[in-house]
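First up is the structure itself, then whatever we jot down about it.
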Amino acid sequence: MPEKTADATLRLLIAEDSEDDALLILRELRRGGYRPAMRRVDNAPDMRQALENADWDLIIADHNMPGFDSAEALTLARAHDPNIPFILVSGSIGEEIAVDAMKAGAHDYVMKDNLTRLLPAIQRELREAENRRDHQAAQARLHHLAFHDCLTGLANRPEFDRRLEQAVCSARDANQRHSLLFIDLDRFKLVNDSCGHLAGDEMLRRIARRLREGIRDSDHLARLGGDEFGVLLNNCSLERAERIAKQLLERLKSYTFVWGERGFRAGASIGLVEIDGFRDAHDLLSMADMACYAAKEHGRNRLRIYTEGNHELRQRRGEIQWLQRLQKAIADDSLELHHQPIRHLAGPLTHHEILLRLRDHENHLSHPDAFIPAAERYNLMPEIDRWTIRHAFTHLARRRHDDGLWLLNLSATSLSDEHLIDYIRAQLQTHALRPERIGFEITETAAIADFDRARELIQALRRLGCKVALDDFGTGMSSFSYLKSLEVDFIKIDGGFVRNMLHEPMDNAIVEAVNRIAHVSGIQTIAEFVESEAIAQRVGALNVDFAQGWAMGRPEPLTPTRITRQPTEKPT
């Protein structure tokens, strides 16, 4: 409401039984430059009707009226709107009554024989009322922002979580049936990449409107983040929720978002889960998210329903749990680095492989075989690789007198990281490490899957002065032909052949062939999974250069850690 100034129309409600006294008040207001639009009342029913039928800028009340006094007028005014300035103007009011009126909510009082105070009191109270309205509006905006997404105006994630918890409670305590939808837009990134984020934001706003129009008034729609939305379907069975979800898919499928001269077909993948009283909100959202992810993997623009018997979704749930643990471990710097010796079979030289471990709250160690699949599926491996490089270099900077090489593993997804070389170079400089002390392992399967990129990365690493090892070599015998192009320093012979070579002539022949061809190419060899002295002697007899495995030494923490229980290690 705009501030009332001179020459402004002032909507004035006067509770006064004397028409002459009301005219005196009007004359004072006109002298002050106001143009009052007045209504006079002298009883409670008329005042109640006046308050309900119009908006008022100011209320002035006499104290004593037949059957109606200022206390009752003040009660009615404050019940209607406590922000409207209320001023007592009376000819007979004691100081005690005036103080009680102020305590009850009146803003000021003026004696009728001293109306010169009226204008200053009105001007002050109109300003204060405007300030109160501005403050309340600001508070309302802050409250709205706290519970709503600023882009779409929908409920935000915290508010949706709160409502979902309420639904879980009502399902448990009142046996009510609710359903949850997790919606992820398909190919939304294409809009951002080709037309910019302004286009993407506008598309999200329009999609939000279409989704809102496709659900019931009793349902709750929220933007959970990015291009993800959640719908809480209250008092809705799984069967009905499935129909609503399919209708939403059709609404989005039939919509084309136009930006400039370009058009983009909308679409989404939806995961559906029935809400029961046995799971919390976090688990339910994870289940719906898993079902949505499965829908996206099976072709997009479709619906998947979470069921406990679905092996694929159970597997996905396990991966999400690993993902959450990994994200927390990265944020907390609580991943662990271990190292295992790689011993030269004809001399004292010892290299080391740096190994990644994840320790849980019960002090159990988890190996990469357990959590790497989840990290790969959710594209977390490049971040894990960088974490490993940064922390390994920090530790190695303290080991200035080691002559051996320290090998770190690089994941397949890091091969496509265009900035990885720059990151490694910067970390070498930051920690003042000699590049020749550092080596990187790349698996044979990753190298062959993206051969050109692997060759570029290997060449860049060697130009830095680092060594490169090709890990798990021998799983595909066709890879021999690639050795002419992959300028690596080491080949690690796959442990699946090494561990059985004493009893399987074919495995022994493969180890011998890999070793011979590597040496012809000028590449040193490392036998993995050397678990006994007999195997060590056998690979030594074949002139394999190095051996790694329990017979050579078990993995140990790179730095001492507090271990209260000896964890179970798997041979490497």
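Remember, predicted model here, so these are calculated numbers, not experimental data.
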### Task
Check the pair Asp219, Leu221 against side chain to side chain contact (heavy atoms under 4.5 Å, CB included), reporting the backbone distance first and the verdict last.
CA-CA 7 Å; Asp219 300 328; Leu221 171 65; over 6 Å; no

[Y] and [X], any side-chain heavy atoms less than 4.5 Å apart:
| X | Y | result |
| --- | --- | --- |
| Glu213 | Arg251 | yes |
| Ile60 | Ile122 | yes |
| Phe182 | Leu285 | yes |
| Phe229 | Leu224 | no |
| His148 | Leu154 | no |
| Leu233 | His178 | no |
| Ser170 | Gln166 | no |
| Leu211 | Leu252 | yes |

### Message
The test is side chain to side chain donor-acceptor pair (under 3.5 Å); show your working for Thr152 and Asp149 and say whether it passes.
### Response
CA-CA 6 Å; Thr152 62; Asp149 172 53; 2.7 Å; yes

### Intermediate values then yes/no, salt bridge (charged side-chain N to carboxylate O under 4.0 Å, His left out), Arg177 and Glu274
CA-CA 8 Å; Arg177 301 184 69 186; Glu274 186 174 25; 3.1 Å; yes

Drop me the distance from [X]'s [atom1] to [Y]'s [atom2], to the nearest 0.5 angstrom.
| X | Y | atom1 | atom2 | result |
| --- | --- | --- | --- | --- |
| Asn235 | Arg240 | CG | CZ | 9.5 Å |
| Glu128 | Arg132 | CD | CZ | 6.5 Å |
| His80 | Glu52 | NE2 | CD | 8.0 Å |
| Asp81 | Asp55 | CG | CG | 8.5 Å |
| Leu180 | Leu238 | CG | CG | 11.0 Å |
| Met102 | Asp108 | CE | CG | 5.0 Å |

Write down the atom of [X], the atom of [Y], and the distance for their closest heavy-atom approach.
| X | Y | answer |
| --- | --- | --- |
| His63 | Ser70 | ND1-OG, 2.8 Å |
| Tyr255 | Ile207 | CD2-CD1, 3.9 Å |
| Leu232 | Ala167 | CD1-CB, 3.9 Å |
| Asp57 | Pro85 | O-CD, 3.2 Å |
| Ser179 | Ser237 | OG-O, 3.5 Å |
| Arg39 | Trp56 | CB-CH2, 3.6 Å |

[X] side-chain N/O to [Y] backbone N/O, donor-acceptor pair under 3.5 Å:
| X | Y | answer |
| --- | --- | --- |
| Asp385 | Ser411 | yes |
| Arg265 | Lys253 | yes |
| Asp69 | Glu72 | yes |
| Arg302 | Arg300 | yes |

### Message
Working note: Ser218 + Asn234, criterion side chain to side chain donor-acceptor pair (under 3.5 Å); need CA distance, chi angles, decisive distance, verdict.
### Response
CA-CA 7 Å; Ser218 60; Asn234 286 307; 5.6 Å; no

For residues 41-48, which side-chain N or O atoms pair as donor and acceptor with protein atoms under 3.5 Å away, sequence neighbours left out?
residue : atom : partner : partner atom : Å
Asn43   : OD1  : Asp46   : N            : 2.8
Asn43   : ND2  : Asp46   : OD2          : 2.9

### Message
Working note: Asp201 + Arg205, criterion salt bridge (charged side-chain N to carboxylate O under 4.0 Å, His left out); need CA distance, chi angles, decisive distance, verdict.
### Response
CA-CA 6 Å; Asp201 289 349; Arg205 282 189 284 265; 5.3 Å; no

### Ion pair check, Glu239 and Arg243, cut-off under 4.0 Å
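Result for this pair is no, no salt bridge flagged.
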
### Query
Using 4.0 Å as the upper bound for N to carboxylate O, is an ion pair formed by Arg386 and Glu383?
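Not counted as a salt bridge, because no side-chain N and carboxylate O are separated by less than 4.0 Å.
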
Show me the donor-acceptor pairs, under 3.5 Å and distance only, between side chains in residues 19-32 and residues at least two apart or in other chains.
residue : atom : partner : partner atom : Å
Asp21   : OD2  : Lys112  : NZ           : 2.6
Glu28   : OE2  : Arg31   : NH1          : 3.1

### Query
Going through the distances and angles, do Arg40 and Asp17 end up as a salt bridge (charged side-chain N to carboxylate O under 4.0 Å, His left out)?
CA-CA 8 Å; Arg40 184 175 67 86; Asp17 62 331; over 6 Å; no

### Message
If you apply the rule side chain to side chain contact (heavy atoms under 4.5 Å, CB included), what do you find for Leu126 with Glu130, and how did you get there?
### Response
CA-CA 6 Å; Leu126 289 175; Glu130 185 67 23; over 6 Å; no

### Parallel, tilted or perpendicular, as decided by the 30° and 60° cut-offs, for the rings of Trp387 and His391
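Parallel: the ring planes of His391 and Trp387 meet at under 30°.
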
### Task
Go through the steps for Ile305 and Val273 under the test side chain to side chain contact (heavy atoms under 4.5 Å, CB included), then give the verdict.
CA-CA 6 Å; Ile305 302 174; Val273 63; over 6 Å; no

### Query
Got a sec: does the CG of Asn53 have more than 12 other heavy atoms crowding it under 6.0 Å?
yes

### Task
Please assess Tyr293 against Arg304 for the test side chain to side chain donor-acceptor pair (under 3.5 Å), listing each intermediate value before the final yes or no.
CA-CA 9 Å; Tyr293 196 95; Arg304 289 298 296 270; over 6 Å; no

### Query
Under 6.0 Å from the six-membered ring centre of Phe371 and within 45° of its axis: does the NZ or CZ of Arg325 meet both?
no

### Task
Take Lys246 and Glu250, measure what salt bridge (charged side-chain N to carboxylate O under 4.0 Å, His left out) needs, and give me the verdict at the end.
CA-CA 6 Å; Lys246 289 179 177 178; Glu250 288 302 317; over 6 Å; no

### Query
side chain to side chain donor-acceptor pair (under 3.5 Å) with Ser269: which of Asp186, Asn301, Asp184?
Asp186

### Query
Cut-off 3.5 Å, side chains only: do Asp417 and Ser414 have a donor facing an acceptor?
no

### Query
What do the steps show when you test Tyr109 against Val89 for side chain to side chain contact (heavy atoms under 4.5 Å, CB included), and what is the final call?
CA-CA 6 Å; Tyr109 69 95; Val89 178; over 6 Å; no

